[in-house]
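Remarks on the structure that follows.
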There are 2 protein chains.
Amino acid sequence: MPTDTRERLVDAGAELFRLQGFAGTGIKAILAEAHAQFSSLYHHFPGGKDELAEEVIRTTGAAYQELVKAVWDQADDVVLGVESVFEGAAAVLEATDYADACPIATVALEVASTNERLRVATADVFGDWVLGATLKFTEVGIGAGQARRLALSVIALLEGSFILARATKDTEPVRAAGQTAVDAVRLTLEALGRRSRPEPPSRPLHAG
Amino acid sequence: MPTDTRERLVDAGAELFRLQGFAGTGIKAILAEAHAQFSSLYHHFPGGKDELAEEVIRTTGAAYQELVKAVWDQADDVVLGVESVFEGAAAVLEATDYADACPIATVALEVASTNERLRVATADVFGDWVLGATLKFTEVGIGAGQARRLALSVIALLEGSFILARATKDTEPVRAAGQTAVDAVRLTLEALGRRSRPEPPSRPLHAG
DNA sequence: GTCTATAGAAGGATAGAC
DNA sequence: GTCTATCCTTCTATAGAC
């Protein structure tokens with residue numbers, strides 16, 4: 001009733017896949033959550049569970065990128081932007097009892113060696129994220145190679161710390177990873193600044 | 001080829017869970033892989049699939065820690081040790097067509113919000129890894145807080161880059177994450193060398 | 001496009017003979 | 001401890017009425 005059936009199916013699938021994974025979520029559970037019928041699912045997604053899952057991966061992947069970008073852009077500079085992303089993620093984890101982290105990570109690991117169609121979908125999403133983060137770093141003058149390495153590392157720190165945080169029900173890994181991400185970006189920027197105008201850092205990088 | 005039925009069940013479960021996840025692996029598939037019967041599984045593991053999975057998580061978690069420790073210890077110093085771990089992981093990924101990464105990551109995400117018994121098992125394993133890596137860093141004179149933060153970050157970089165690498169079938173994320181991990185450790189050591197005091201005071205980077 | 005009903009396979013788990 | 005046979009549930013997917 002609130003929205004159209006197709007959208008409800010995607011939303012329900014997104015929530016359950018993120019929480020329980022792909023194999024752990026039955027179609028019937030999705031239908032119940034979406035208040036929809038079998039016929040509706042196979043009408044909107046003739047490819048069945050796989051087609052719905054691909055749609056969920058691509059739409060939630062793009063939505064999450066937008067969310068992160070919004071948080072990032074609200075900060076005054078790149079370093080604070082990265083810091084905000086990790087702080088925001090930690091806050092969401094705590095607020096949702098460590099249920100709500102990356103929308104596609106669980107599915108990505110599940111399908112990596114078992115479902116080529118969905119594997120490619122997750123690869124596309126991660127690829128977009130890497131390109132987006134790389135752009136953030138090149139925009140502040142970091143070279144392409146370094147920017148891409150930083151982007152991959154920041155995303156890896158985020159994803160890896162999500163695993164540790166959800167397993168241990170503790171935000172410490174996210175905060176630790178966030179600090180390392182911040183240090184990596186700051187270090188790269190300072191090395192960049194030393195090339196143009198030599199000025200040593202006024203305080204040590206690692207103080208905590 | 002283990003002759004013990006119980007061991008064959010654990011090995012088969014380990015391989016299939018790592019590759020397909022927990023929910024995606026049926027008991028019948030494990031029995032077929034292990035050349036065992038239903039009665040054998042429920043004889044050795046009265047708790048059924050959950051009990052087998054917990055055993056798999058704890059044993060493969062400990063085994064992986066030993067493997068990483070062996071690679072790490074073979075290097076001449078901490079920085080080269082960390083570098084070797086990431087290089088070794090990338091080599092294994094390539095050699096196994098991106099199937100063989102972390103033995104428990106997929107299951108950890110699957111069960112984090114759905115199976116408390118298995119969630120605790122994965123948390124225990126990750127906790128042991130963090131303690132082990134922390135010890136490596138304190139052994140070279142890094143303070144407890146910094147060492148733990150580095151340990152959490154290195155493990156997060158490893159786990160996160162595994163997700164990206166398996167999804168994209170490319171080792172680039174692992175090599176990028178490895179470089180960031182190496183830089184973080186090296187930077188901490190250099191900052192340590194610049195200090196006269198053996199233990200720097202713990203203080204957040206961004207006050208307020 | 002939505003409803004009910006059901007097929008056909010696979011899921012986890014158990015019983016009883018030996 | 002191992003074997004065969006089986007129970008009941010859940011799974012994905014389809015059929016056919018409306």
Side-chain angles (χ1 to χ4, degrees), chain A residues 1-57 106-107 109-111 113-119 121, chain B residues 1-57 106-107 109-111 113-119 121:
Chain A
M1 208 164 16
T3 53
D4 73 297
T5 304
R6 188 192 150 94
E7 191 176 341
R8 288 206 314 276
L9 285 169
V10 174
D11 288 348
E15 179 177 341
L16 293 175
F17 288 154
R18 188 182 54 215
L19 204 69
Q20 309 175 338
F22 176 70
T25 301
I27 286 184
K28 289 178 181 174
I30 297 175
L31 294 175
E33 176 80 18
H35 300 97
Q37 304 297 326
F38 264 89
S39 50
S40 297
L41 192 152
Y42 287 95
H43 171 74
H44 293 291
F45 303 95
K49 193 184 185 183
D50 276 19
E51 188 173 338
L52 172 64
E54 181 176 357
E55 176 87 1
V56 166
I57 289 167
T106 309
V107 177
L109 285 179
E110 283 183 281
V111 304
S113 302
T114 60
N115 189 319
E116 187 63 9
R117 174 184 189 171
L118 298 186
R119 194 219 105 222
Chain B
M1 184 68 163
T3 53
D4 181 27
T5 303
R6 188 192 149 95
E7 191 175 344
R8 289 205 314 276
L9 285 169
V10 174
D11 287 349
E15 180 178 340
L16 294 176
F17 287 154
R18 188 182 53 215
L19 205 69
Q20 309 176 338
F22 176 70
T25 301
I27 285 185
K28 289 174 182 173
I30 297 174
L31 294 176
E33 175 79 18
H35 300 97
Q37 305 297 326
F38 265 89
S39 51
S40 298
L41 192 152
Y42 286 95
H43 170 73
H44 293 292
F45 303 95
K49 194 184 186 183
D50 276 19
E51 187 173 338
L52 172 64
E54 181 176 357
E55 175 86 2
V56 166
I57 289 167
T106 310
V107 177
L109 285 179
E110 283 183 281
V111 303
S113 303
T114 60
N115 189 319
E116 186 64 9
R117 175 185 188 169
L118 298 186
R119 194 218 104 221

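Throughout, a chain's letter reflects where its sequence line sits, starting with A, and its residues are numbered from 1.
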Between the axis at one end of the helix from dG1(C)-dC18(D) to dC18(C)-dG1(D) and the axis at the other (five pairs apiece), what's the angle to 10 degrees?
10°

Side chain to side chain contact (heavy atoms under 4.5 Å, CB included), that's the test. Do Thr5(B) and Arg8(B) meet it? Break it down for me.
CA-CA 5 Å; Thr5(B) 303; Arg8(B) 289 205 314 276; 3.8 Å; yes

Please tell me whether Gln20(A) and Thr25(A) have a donor and an acceptor in their side chains that are separated by less than 3.5 angstrom.
yes

Could you tell me whether the side chain of [Y] reaches within less than 4.5 Å of the side chain of [X], counting heavy atoms only?
X	Y	value
Arg18(A)	Thr106(A)	no
Arg117(A)	Glu51(A)	yes
Phe45(B)	Val10(B)	yes

Give me the atom names and distance for the closest heavy-atom approach of Glu110(B) to Ala23(B).
OE2-N, 3.0 Å

Restricting to non-hydrogen atoms, name the atom on Ala36(B) and the atom on Leu9(B) that form the minimum distance, rounded to 0.1 Å.
CB-CD2, 3.9 Å

Per-nucleotide protein contact along nucleotides 1-14 of chain C, 5' to 3', at a 4.0 Å heavy-atom cut-off (B base, S sugar-phosphate only, - neither), is SBBB------BBBB

